[in-house]
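Working notes for the structure below.
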2 protein chains.
Amino acid sequence: MTTLWERSRQVAVQAILDTAVRLFAEQGYEQTTIAQIAREAGISQRSLFRYFGTKEDLVCGDQEALGELLKRTVEQQSAEMSAWDALRAGFEVLLTANHPPERALELSRLIFETPSLRARYIEKRLRWQAELVPVVRARLGDGPGHPAPDTQAKAIVATVFACIDTATELWAGHDGRIDLADLYDQCLAAVRDHG
Amino acid sequence: MTTLWERSRQVAVQAILDTAVRLFAEQGYEQTTIAQIAREAGISQRSLFRYFGTKEDLVCGDQEALGELLKRTVEQQSAEMSAWDALRAGFEVLLTANHPPERALELSRLIFETPSLRARYIEKRLRWQAELVPVVRARLGDGPGHPAPDTQAKAIVATVFACIDTATELWAGHDGRIDLADLYDQCLAAVRDHG
DNA sequence: GCCTTCCTGGCAGTTAATGCCAACTAGGCG
DNA sequence: CGCCTAGTTGGCATTAACTGCCAGGAAGGC
């Protein structure tokens, strides 16, 4: 443990993030420049880019870690659980592991009202999707004779994320007053329940 | 009709597009600069930006027109058709209205393998989704008493696009040898058929 | 207390994108 | 035919996100 370096790094990262989120909320994402964030956070522009490779990473940078968590959680669900239920369980773990809800709400609103950010966010999510496909496919084998299990797995994962996205958008639109997991269930029911 | 201006504009646009697609295919998207495209297309950099607002628009610029077409097609389906079937009909019209298949394949591959392009493409698609929600919601009213029709409509539209995206990715991965509409049906079946 | 190692900050440069202005050209009108 | 207006084009400057490079400094082992 290179202790002091690690610690001051953590402090710097947190200071940058706080400054950035505050400025984004005050002025909007596009209107806030990297130079301004660096100045107010008391760090050089050059170092800011070393911590966060891009401006977008200031908002959706910690996605990689969550993707890992999601994958591991889905893998560890009991083998009898259907792919849909395993993915739902993974989603629920994400909810508890996320930021404090108030911050998550602020970030979600920012992402959903800034097109370029939303696109970037979805792009990162697509990487999770790719990693989840083999995990989901492993749960499809024991059903009846399915053709093209890969197609099936990809479609299921894509749909689950589409519903997560839709639910999150609705949740942010209602200022977090409606339970996110409930919204997700409603979305999935709208898709899967025939009638 | 301001004829000559209109016509030379069309010619210029086509020349720029041809040059751009060729260079992207040869060197990759990120490695090709706007300056190079402008130089080889025989136009100033400034004018190129007037035709195409951004570099990404060179690849996915004509998406707006397709979005309009999709919305109109879905609207015009017979009222008895379910939301799912109406959306499928819209998708099928898109397929025939698109570029020549060989070019569409090239563009799709470029988009799927270039993260920034894919993000931009998704961003444009999100605008289609938002516009389709009211159209889809109008088809849900005559069913049994549904709670939160907006949630339902959003979830359905998001899922349809997730399946379109998945099908297109698979289609590009198979070099277009599998029918895109068939892939879409497989994706949707994987999501909607319980078993 | 030195020395290696890693981090930081400043500087210059690249690329996409935008605003501004002067030169130009198509097309209408006398 | 010749001018005039309107819309177009291209060059110049500028901004903002990034990247490479190099010097200077601090942390931690010896």
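Chain letters run A, B, ... following the sequence lines, proteins first, then strands; residues in each count from 1. This is a predicted model, so every value here is computed, not measured.
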Report the residue from B/E40, B/E26, B/Q27 that forms a side-chain hydrogen bond (donor to acceptor under 3.5 Å, both in side chains) with B/T32.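 Answer to the side-chain hydrogen bond (donor to acceptor under 3.5 Å, both in side chains) test with B/T32 among B/E40, B/E26, B/Q27: B/Q27.
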Name the one of B/Q129, B/E123, B/E131 that satisfies side-chain hydrogen bond (donor to acceptor under 3.5 Å, both in side chains) with B/R127?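 Among B/Q129, B/E123, B/E131, the one that satisfies the side-chain hydrogen bond (donor to acceptor under 3.5 Å, both in side chains) with B/R127 is B/E123.
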Of the nucleotides [options], which has the atom closest to the [X] side chain?
X: A/K55; options: C/dG9, C/dA17, D/dA17; result: D/dA17
X: B/T54; options: C/dA17, C/dG9, D/dG10; result: C/dA17
X: B/R50; options: D/dG20, D/dT9, D/dA17; result: D/dT9
X: A/S47; options: C/dA17, C/dT8, D/dG11; result: C/dT8

How many whole angstroms separate atom [atom1] of [X] from atom [atom2] of [N]?
X: B/Q31; N: C/dT15; atom1: CD; atom2: P; answer: 11 Å
X: B/Y51; N: D/dT8; atom1: OH; atom2: P; answer: 9 Å
X: A/I43; N: C/dT8; atom1: CD1; atom2: P; answer: 7 Å
X: B/E30; N: C/dT14; atom1: CD; atom2: P; answer: 18 Å
X: A/Q45; N: C/dG10; atom1: CD; atom2: P; answer: 10 Å
X: A/E56; N: D/dA16; atom1: CD; atom2: C1'; answer: 13 Å
X: B/R39; N: D/dG11; atom1: CZ; atom2: P; answer: 13 Å
X: B/F49; N: D/dT9; atom1: CZ; atom2: P; answer: 16 Å

Base, sugar-phosphate alone, or nothing: which one does B/F52 contact when heavy atoms must sit under 4.0 Å apart?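 Touches nothing.
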Taking any heavy-atom pair under 4.0 Å as a contact, classify B/T32: base, sugar-phosphate, or nothing.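 Result for B/T32 = sugar-phosphate.
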Taking for each residue the nucleotide of DNA chain D with the nearest heavy atom, is it A/I34 or A/R46 whose nucleotide lies nearer the 5' end?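 Here A/I34 is the residue nearer the 5' end.
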Is it the case that the side chain of A/Q77 and the backbone of A/T73 share a donor-acceptor pair, with hydrogens and angles ignored and the cut-off at 3.5 Å?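 Yes; at least one donor-acceptor contact below 3.5 Å.
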Side-chain donor or acceptor of A/R192 paired with backbone N/O of B/V191 under 3.5 Å: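 Yes.
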Counting distance alone, no hydrogens or angles: does the base of D/dG7 have a donor or acceptor under 3.5 Å from a partner atom on the side chain of B/R9?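 Check fails, no donor-acceptor contact within cut-off.
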Is the B/F161 ring parallel, tilted or perpendicular to the B/W128 ring (thresholds 30°, 60°)?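 Taking B/W128 first and then B/F161, their aromatic rings stand perpendicular (interplane angle over 60°).
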